[in-house]
Amino acid sequence: IYFSKKQTVNCIKLKEPVEYGQSVKSFTIEMYDSDLLTFHKAFTTIGSRRLISFPAKQCNRIRIRITDSKVDPTIETISVYNIPEELVEK
């Protein structure tokens, strides 16, 4: 995902179309401020909805990389947010 200008992001929502079954077994999220990697973390499964929150980061692009799946993965929705800090998981 590329942004035309820097965005403050602290929450990402991912959704798989589970009517075809859950396919993603693991994935990573990378956030970049220009060419500088500012966030990198590995996760397991997405399912019908996966919310991931973290301390706010400035970024101009986000990469979501599927690292393992049962079949060819399909992502239905990718949403990014800047939620109130009190809602961020600690």
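Keep in mind that the numbers below use all heavy atoms, side chains included, and drop hydrogens, waters and symmetry copies. Quick note: residue numbers are just sequence positions, from 1.
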query: Once you round to the nearest 0.5 Å, how far does CD of Glu76 lie from CD1 of Ile46?
result: 11.5 Å
- request: Check the pair Asn60 / Gln7 against side chain to side chain donor-acceptor pair (under 3.5 Å), numbers first and verdict last.
  value: CA-CA 6 Å; Asn60 65 339; Gln7 302 292 317; over 6 Å; no
statement: In this structure, NZ of Lys6 is separated from NZ of Lys57 (nearest 0.5 Å) by 13.5 Å
message: When you compare the side chains of Thr28 and Thr67, does any donor N or O come within less than 3.5 Å of an acceptor on the partner?
response: no
- prompt: Does any donor atom in the side chain of Thr74 or Glu16 lie under 3.5 Å from an acceptor atom in the other side chain?
  reply: no
message: Do Leu87 and Ile12 sit in one hydrophobic cluster, given that two such residues count as connected whenever their side-chain heavy atoms are within less than 4.5 Å of each other, even indirectly?
response: no
message: To check you understand the geometry: which heavy-atom pair defines the closest contact between Thr8 and Asn82, and what is its length?
response: O-CB, 3.2 Å
- prompt: What pairs of residues pass the ring-ring contact (aromatic ring centres under 6.0 Å, His included) test when at least one of them lies in residues 44-63, not counting sequence neighbours?
  reply: Phe39-Phe54
statement: Shortest non-hydrogen pair, Cys11 vs Leu51, comes out as SG-CD2, 4.1 Å
field: Where at least one partner belongs to residues 4-35, residue pairs that pass ring-ring contact (aromatic ring centres under 6.0 Å, His included), sequence neighbours excluded
entry: Phe27-Phe43
task: Check each of Ser23, Ser26, Pro73 against Ile66 using the side-chain contact (heavy atoms from CB on, under 4.5 Å) test, and report the only one that passes.
output: Pro73
- prompt: Between Ile29 and Phe3, is there a shared hydrophobic cluster once you connect ILVMFWY residues whose side-chain heavy atoms come closer than 4.5 Å?
  reply: yes
message: Please tell me whether Tyr81 and Ile52 are part of a single hydrophobic cluster in this structure, the criterion being side-chain heavy atoms less than 4.5 Å apart.
response: no
